[in-house]
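What's counted below: heavy atoms across the whole structure, side chains too, no hydrogens, waters or symmetry copies. Everything numeric here is computed off the predicted structure, so don't read it as measured data.
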Amino acid sequence: RQMNAIQFQELSSILSSLIGQIPLRWGAIQNDLFDSKLDTFKVDTFSQLESAIKEFTPKLQNYLKRKWYLEKCAKCDEYLFGLNPNVTPNPNPHDKKFDLIFEGKIKFDVKCSIIPHYLQSEAEECIANPQRMIESFYRRQSDGVRICYQNRLFIVHHSFVRPEHELNLRCAWDTKKEIYRLFSENIHKIKFRECYGCQAGVIFILERESGKVSFSIDGLTI
């Protein structure tokens with residue numbers, strides 16, 4: 001079931017209000033065992049989540065809080081993309097092959113992330129040439145039950161001001177709406193990167209000055 005405007009406004013506001021309550025680290029590498037403890041996709045509210053995980057270890061609670069939150073942020077991101085006339089969400093939300101279709105033919109699975117911690121000291125280099133980062137994402141996100149190789153669009157959040165501003169960037173909905181419009185309108189001009197036989201796109205959502213959101217779309221010069 002696709003999100004509507006009212007649901008988006010409600011969810012996006014809730015996510016913004018929860019920023020201080022969400023862990024900034026997973027506390028563990030994403031893994032099948034932790035994922036199997038709770039189907040976070042079926043948990044609608046944060047209070048329901050807290051109730052469902054209250055008997056779990058602090059480490060597992062931390063992991064599932066972050067997983068639930070980032071899944072909800074991704075739903076909002078997909079909704080914003082879908083506002084563009086040339087973008088269609090996958091009618092089957094359970095399909096793991098893709099999330100969005102651009103121009104009726106270009107399919108992407110959307111992955112929202114951060115620059116891997118081991119590369120953050122080279123953030124500027126990653127923005128200028130994200131190939132190594134993309135390869136890292138494919139290796140890490142294609143393990144276990146998640147193994148699947150497809151075209152991916154990475155939304156990468158990075159604050160040069162303070163790392164903990166990551167969640168503020170994830171919730172920069174008004175700015176993201178315009179960035180995603182720009183990406184969608186110019187998709188035929190973008191030079192995507194090859195990785196594992198797939199095409200990969202990257203949109204960086206950045207904070208270079210405190211409180212100011214900027215961006216970079218890899219492969220697009222405007």
Side-chain angles (χ1 to χ4, degrees), residues 1-3 26 29-36 39-42 63 66-119 126-127 129-158 169-170 176-177 179-205 215-220:
R1 189 179 61 180
Q2 304 300 332
M3 186 186 298
W26 288 87
I29 295 172
Q30 287 181 263
N31 64 87
D32 296 346
L33 178 61
F34 278 18
D35 289 342
S36 69
D39 187 350
T40 47
F41 281 108
K42 294 181 179 178
Y63 180 97
R66 185 163 173 84
K67 183 172 186 283
W68 176 87
Y69 187 85
L70 299 190
E71 287 170 354
K72 298 301 184 188
C73 285
K75 283 186 64 176
C76 289
D77 283 318
E78 289 167 24
Y79 169 82
L80 292 176
F81 271 111
L83 295 176
N84 295 286
N86 66 332
V87 182
T88 307
N90 188 334
N92 178 7
H94 302 294
D95 186 352
K96 301 298 184 185
K97 295 188 177 75
F98 69 96
D99 296 311
L100 302 171
I101 309 174
F102 294 82
E103 301 286 348
K105 56 186 177 182
I106 307 170
K107 297 179 180 180
F108 277 110
D109 183 41
V110 179
K111 297 288 189 184
C112 302
S113 194
I114 60 173
I115 295 175
H117 292 287
Y118 77 95
L119 289 175
C126 284
I127 295 167
N129 182 1
Q131 185 70 34
R132 188 155 57 117
M133 181 189 73
I134 291 169
E135 291 171 0
S136 171
F137 285 152
Y138 269 92
R139 286 194 303 271
R140 179 164 50 88
Q141 295 173 2
S142 301
D143 289 336
V145 297
R146 289 181 296 275
I147 189 161
C148 184
Y149 292 101
Q150 71 279 86
N151 295 345
R152 292 183 184 169
L153 173 57
F154 298 101
I155 314 297
V156 180
H157 308 81
H158 183 75
L169 292 174
R170 289 185 186 264
K176 280 184 162 185
K177 179 181 177 180
I179 297 168
Y180 298 164
R181 178 187 61 78
L182 191 65
F183 177 92
S184 303
E185 287 179 352
N186 292 281
I187 190 160
H188 290 303
K189 299 178 184 177
I190 298 171
K191 183 175 174 57
F192 295 110
R193 294 180 182 266
E194 296 289 329
C195 190
Y196 289 93
C198 306
Q199 290 206 310
V202 187
I203 300 174
F204 290 95
I205 310 294
F215 71 97
S216 175
I217 297 174
D218 181 54
L220 179 64

- Task: Decide side-chain contact (heavy atoms from CB on, under 4.5 Å) for M3 and L80; before the verdict, give the C-alpha distance in whole Å, the side-chain angles of both, and the deciding distance to 0.1 Å.
- Result: CA-CA 10 Å; M3 186 186 298; L80 292 176; over 6 Å; no
- Message: Would you compute the distance between atom CG of D35 and atom OG1 of T40 and round it to the nearest 0.5 angstrom?
- Response: 7.5 Å
- Task: With sequence neighbours left out, write down each residue that passes ring pair (Phe, Tyr, Trp, His ring centres under 6.0 Å) with F215, or none if nothing qualifies.
- Result: none
- Between C126 and L119, which heavy-atom pair has the shortest distance, and what is it? SG-CB, 3.8 Å
- Query: Any side-chain heavy atom of Q131 within less than 4.5 Å of one from V202?
  - Reply: no
- When rounded to the nearest 0.5 angstrom, what is the spacing between OH in Y69 and CZ in R170? 8.5 Å
- Query: By ring pair (Phe, Tyr, Trp, His ring centres under 6.0 Å), which residues pair with F204, not counting sequence neighbours?
  - Reply: none
- Note on the structure: d(I217 CD1, I205 CD1) to nearest 0.5 Å is 8.0 Å
- Query: Side-chain contact, heavy-atom cut-off 4.5 Å: F183 with V87?
  - Reply: no
- Looking at NZ of K111 and CD1 of I134, how far apart are the two atoms once the value is rounded to the nearest 0.5 Å? 14.5 Å
- Any side-chain heavy atom of Q199 sitting closer than 4.5 Å to one from E194? yes
- Rounded distance (nearest 0.5 Å) linking atom SG of C195 with atom CZ of F137: 11.0 Å
- Message: On a heavy-atom basis, which atom in N84 and which in S184 lie closest, and how many Å separate them?
- Response: ND2-OG, 3.4 Å
- Result for side chain to side chain contact (heavy atoms under 4.5 Å, CB included) between L220 and one of I203, I190, I187 points to I190
- Who passes ring pair (Phe, Tyr, Trp, His ring centres under 6.0 Å) against F41, sequence neighbours left out? none
- Any donor and acceptor pair, going by atom type alone, linking the side chain of Y79 with main-chain N or O of Q2 inside 3.5 Å? no
- Pairwise distance CD(E78) to CG(L83) - rounded to 0.5 angstrom: 12.5 Å
Side-chain donor-acceptor pairs under 3.5 Å in residues 98-108, sequence neighbours left out?
residue : atom : partner : partner atom : Å
D99     : OD2  : V110    : N            : 2.8
E103    : OE2  : N86     : ND2          : 3.0

- Sequence neighbours left out, what passes side chain to side chain donor-acceptor pair (under 3.5 Å) with K176? Give chain and number order. D77, H157
- Task: Could you list the residues that satisfy side chain to side chain donor-acceptor pair (under 3.5 Å) with R66, not counting sequence neighbours?
- Result: E166
- Taking only Lys NZ, Arg NE, NH1 and NH2, and the carboxylate oxygens of Asp or Glu, determine whether K75 and E71 approach each other closer than 4.0 Å. no
- Query: Relative to each other, are the rings of F81 and Y180 parallel, tilted or perpendicular (30° and 60° limits)?
  - Reply: parallel
